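Notes follow the structure.
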2 protein chains.
Amino acid sequence: MLAAVLSVREATLHVLLWQRARAPHAHRWALPGGVLGAREDVRTSMLRQLSEKVDVREVAHLEQLAVFSAPDRRPGARRIATAFLGLVPSDADPRVPPDTRWCPVARLPETAFDHGEIVRGARERLQGKLSYTNVGFALAPPRFTISTLRVLYAAALGYDVDPTNLQRFLSRRGQLVATGGSAPPGPSGGRPASLYRFRSRRLEVTDEFVAFRPPR
Amino acid sequence: MLAAVLSVREATLHVLLWQRARAPHAHRWALPGGVLGAREDVRTSMLRQLSEKVDVREVAHLEQLAVFSAPDRRPGARRIATAFLGLVPSDADPRVPPDTRWCPVARLPETAFDHGEIVRGARERLQGKLSYTNVGFALAPPRFTISTLRVLYAAALGYDVDPTNLQRFLSRRGQLVATGGSAPPGPSGGRPASLYRFRSRRLEVTDEFVAFRPPR
DNA sequence: CCCGGTTTTCGCCTAAGAGTCGAAAACGGT
DNA sequence: ACCGTTTTCGACTCTTAGGCGAAAACCGGG
């Protein structure tokens, strides 16, 4: 019962970690989590655990990642972890408890147990899903410009993306909707960028990636 | 700890089910499974459970599907299930215990608990992965013709596929290797089909489906 | 008020991938 | 030798992707 909660902060992909106070693995950084309650399913339990670290309303997307079950993954009593991937928009209120921080995924601190591996799995899952679903909505603010969206995608994917291609890609799939408004230009001028929003803010698979299919 | 083991039999996608003898849900059809042992991880445990129903060497691919955890998904004591997707080649020995059968996925018998939902999830996962990975190897015999492969893909995907496109699609990704041999024609004659094999028989992601990426 | 600098947006071009179609190839049987 | 059957291959079209540069729309300063 663990979650790798990812969010783009300052043009870099971050993950929510808290520093353990007690053994085992004291002072190491761990993913938020806890134990499944008797009357919960794993999803509502995960949301309950997360509410101790962040405002759950900020978690725009939450999905199962995998089960981690190596018998020796944790010293002491055996524990099986159902890992989740959570996404928080980049404009969400970053206030977290004092022992908790947003850590850049590319340079993780010393992590507890197998949590580093889980973060890597979460990152790869996000990278894949950005291309064949509309998960981007869970990283972006409600309204955004193509430039800011480009920064978010570049941070999550790990490489630079072309703004023209990004816009065409999302428009072709009907994900992008122009709101009509425009953002004020920066201090050095420039053409004001028009504002967009995602058509849907719930996960949808936009590419069937089903080959060999007749067009209709 | 459950597995939806899929295989194409007689040009149709089937799933391995066994008929429960005792309550709850007596006489209903259930997925093979069991309880996690103390010294196992979920994968080896799943393989152990499956060995009671089929020859495990026939399971060409096994991956985690999802955790099913609704508190009332089973009457009586609570149980959390880690569900797996297993694939068995179409030429594998179909001998199974007397209470066990290959059932067509499209017309399932009355299933126990939430096992019907799990089978649907497994089928959807397979459909997706056929297009961006080489999982096809886990459905196919070691050597096969394009025609037989076409039947396998059509059964798994649920719609007809064009042999020309299938061959091009797999060849472009380097999955297909011509063995040089050829299969004897059927009773009504016809050009003998050449035999192919998959280049690799371990899961590989062939499409990065990473858009916006510069070609090099 | 014009002009250079800056940022966004749009259109055009080329290349690659997917799907359709039909002809040629290679068999068995009569 | 001919015919029906099945596989294989090439040619064609259409859509999508990526690259590039020009035009658009703003700033501030002279």
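Treat the numbers as computed from the prediction; the structure is a model and nothing was measured. Residue numbers begin at 1 in each chain, while the letters A, B, ... track the order of the sequences. All heavy atoms count here, side chains included; hydrogens, waters and symmetry mates do not.
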Separation of C:dT9 atom P from A:Ile146 atom CD1, nearest Å, is 7 Å
Between C:dG17 (C1') and B:Gln167 (CD): distance, integer Å
16 Å
Go through the N and O atoms of the side chain of A:Arg168 and the base of D:dG19, and report whether any donor-acceptor pair is under 3.5 Å.
yes
Using the side chain to side chain donor-acceptor pair (under 3.5 Å) rule, pick out the option among B:Gln175, B:Arg173, B:Arg199 that qualifies with B:Glu204.
B:Arg199
Smallest separation among heavy atoms of B:Arg73 and B:Ala81, with atom names
NH2-CB, 3.5 Å
Separation of B:Asn165 atom CG from C:dC21 atom C1', in whole Å?
11 Å
Contact class for A:Thr164 (heavy atom, under 4.0 Å): base, sugar-phosphate, or nothing?
base
Please report the shortest heavy-atom distance between B:His25 and B:Phe113, naming the atom on each side.
ND1-N, 2.9 Å
Without decimals, in angstroms, what is the distance between A:Arg191 CZ and D:dG28 P?
18 Å
Would you mind reading off the distance between B:Leu149 atom CG and D:dT7 atom C1', rounded to a whole angstrom?
14 Å
5' precedence on DNA chain C between A:Ala193 and B:Pro192 (nearest-nucleotide basis):
A:Ala193
Separation of atom CZ in B:Arg150 from atom P in D:dT8, rounded to whole Å:
12 Å
Could you check how far OH of B:Tyr153 sits from P of C:dG19, rounded to whole Å?
14 Å
Is a donor from one side chain sitting under 3.5 angstrom from an acceptor on the other, for B:Ser7 and B:Arg9?
yes
Calculate the interatomic distance between B:Phe169 atom CZ and C:dG19 atom C1'; express it in whole Å.
13 Å
